[in-house]
Amino acid sequence: MPRNTTVKKALTQLDHRIEAAVGHSIDRLWQHRDRDLLDEQHAHLVDAHRALVQAETNVTFYRSQLNSLSSGQYPVDNVLFERIDRTVGLLERAARTRDERQDQAVAALEPVEAAARGNAPRDVSNLPAPDIAALLAITQGAKLHQNLLTQQLYVVTASSTRIPYSQLQRLEEDGLVVRDTSRPVTAGQPVTLTDTGRASLTAPRSSKAPGAAPVPRPGTWPAAIPVRR
């Protein structure tokens, strides 16, 4: 791809995973790398992601070039056939490079995700109502999908309920759900409950009524004030 070509930074399939793992945006992560504020593990991740972005940009460039050649604005002759054949070859090589760079970025991302999951988990013995609802919906069957245009990730259940990707990440970190990463996310990765997730649905809940004031023990301060009638 020519160096003087200005192209908007390409989105990748790993952007959402990276942001979820590091806790902030890709742009800020890159800025921290430029200022030498990252440890070796995160710096390696940024370098791998930047290489992936460049490879994705090249794929987009040659695909756009191929679309232009087949748009009908050029005469159909041997010159056009040669240009199309050459562009297809460049696109194939760019796609292979992109796939290699993505594998390298995944390898750099996995240790960062593992470290993030190693942080203190939430107390899953008393999950909030939205997480309980999400787990119940997942029990009916669910898949993680990705929008090809926006790269947005979301979970769709059998009952057509949509679960945000950020919520899925929390449930994964708590060991409540697991997804089949052997399948591409564009085709839908099945999401299922783990044994811990199923147990959390049957765990006893707090019986304390919301808003109920605790009864003070005798001799504690402040003393209960009798109500005047």
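Source: prediction; values computed, not measured.
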According to salt bridge (charged side-chain N to carboxylate O under 4.0 Å, His left out), who are the partners of R17, at least two apart in sequence or on a separate chain? E113
Scan side-chain atoms only and decide if R179 and Q189 contain a donor-acceptor pair under the 3.5 Å cut-off. yes
Can you list everything that forms a side-chain hydrogen bond (donor to acceptor under 3.5 Å, both in side chains) with E110? Sequence neighbours excluded, please. none
Give me the atom names and distance for the closest heavy-atom approach of G188 to P190. O-CD, 3.5 Å
If hydrophobic clusters are built from ILVMFWY residues whose side chains come within less than 4.5 Å, do L90 and F61 share one? yes
Minimal heavy-atom distance between L38 and A43, with the atoms involved, is CB-N, 3.9 Å
In one Ile/Leu/Val/Met/Phe/Trp/Tyr side-chain cluster, 4.5 Å: Y165, L176: yes
Residue pairs passing the side chain to side chain donor-acceptor pair (under 3.5 Å) test with at least one member in residues 91-108, sequence neighbours excluded, are E56-R98
Partners passing salt bridge (charged side-chain N to carboxylate O under 4.0 Å, His left out) against D47 (at least two apart in sequence or in another chain): R33
Check Q152 against H16 and note the closest heavy-atom contact, atom names and distance. CA-NE2, 3.8 Å
What pairs with E19 under salt bridge (charged side-chain N to carboxylate O under 4.0 Å, His left out), at least two apart in sequence or on another chain? none
Between atom CZ of R83 and atom OG of S70, what is the distance when rounded to the nearest 0.5 Å? 11.5 Å
Interatomic spacing from NE2 in H32 to CG in D27 - rounded to 0.5 Å: 11.0 Å
One pair to check against side chain to side chain contact (heavy atoms under 4.5 Å, CB included): V177 and T194. What are the steps and the verdict? CA-CA 5 Å; V177 299; T194 63; 5.5 Å; no
Return the minimal non-hydrogen interatomic distance between V191 and I138, and the atom names on each side. O-CG2, 3.6 Å
Heavy-atom pair of closest approach, residues L45 and A108: CA-CB, 3.9 Å
Do L136 and V178 belong together in a cluster built from hydrophobic side chains that touch within less than 4.5 Å? no
Holding to salt bridge (charged side-chain N to carboxylate O under 4.0 Å, His left out), I want the full list of residues that pass it with D85, two or more places apart in sequence or in another chain. none
Taking only residues two or more places apart in sequence or in another chain, which ones pass side-chain hydrogen bond (donor to acceptor under 3.5 Å, both in side chains) with E82? none
Holding to side chain to side chain contact (heavy atoms under 4.5 Å, CB included), I want the full list of residues that pass it with L80, two or more places apart in sequence or in another chain. L69, Y74, V76, D77, I84
Could you give me the CA-CA distance, side-chain angles and deciding distance for Q13 and T186, then say whether side chain to side chain contact (heavy atoms under 4.5 Å, CB included) is met? CA-CA 9 Å; Q13 294 186 6; T186 52; 4.2 Å; yes
After noting the C-alpha distance and the side-chain angles of Q151 and D15, does the key distance pass the side-chain hydrogen bond (donor to acceptor under 3.5 Å, both in side chains) rule? CA-CA 8 Å; Q151 304 294 317; D15 288 358; over 6 Å; no
Pairs meeting criterion side chain to side chain donor-acceptor pair (under 3.5 Å) with involvement of residues 133-144, two or more places apart: none
Shortest non-hydrogen contact from S25 to R28? OG-N, 3.2 Å
Side-chain heavy atoms under 4.5 angstrom apart, residues restricted to Ile, Leu, Val, Met, Phe, Trp, Tyr: same cluster for I163 and V185? yes
By side-chain hydrogen bond (donor to acceptor under 3.5 Å, both in side chains), which residues pair with D36, not counting sequence neighbours? none
Is there a side-chain contact between L127 and L135 in this structure, where contact means two heavy atoms from C-beta onward sitting under 4.5 Å apart? yes
Residue pair I18 / L109, side-chain heavy-atom distance below 4.5 Å: yes
Would you say V59 ends up clustered with V88 if hydrophobic residues are merged whenever their side chains have heavy atoms under 4.5 Å apart, either directly or through other cluster members? yes
For residues 153-160, please give each side-chain donor-acceptor pair under 3.5 Å, one per line with the distance, not counting sequence neighbours.
residue : atom : partner : partner atom : Å
T157    : OG1  : S159    : N            : 3.4
T157    : OG1  : S159    : OG           : 3.0
T157    : OG1  : T161    : N            : 3.1
T157    : OG1  : T161    : O            : 3.4
S159    : OG   : T161    : OG1          : 3.1

May I ask you to test the T12-H49 pair for a side-chain heavy-atom distance under 4.5 Å? yes
Partner set under side-chain hydrogen bond (donor to acceptor under 3.5 Å, both in side chains) for H42, not counting sequence neighbours: D39
Can you tell me how far CG of L171 sits from OG1 of T196, rounded to the nearest 0.5 angstrom? 12.0 Å
Out of curiosity, L29 CG to R50 CZ, how far, rounded to the nearest 0.5 Å? 8.5 Å
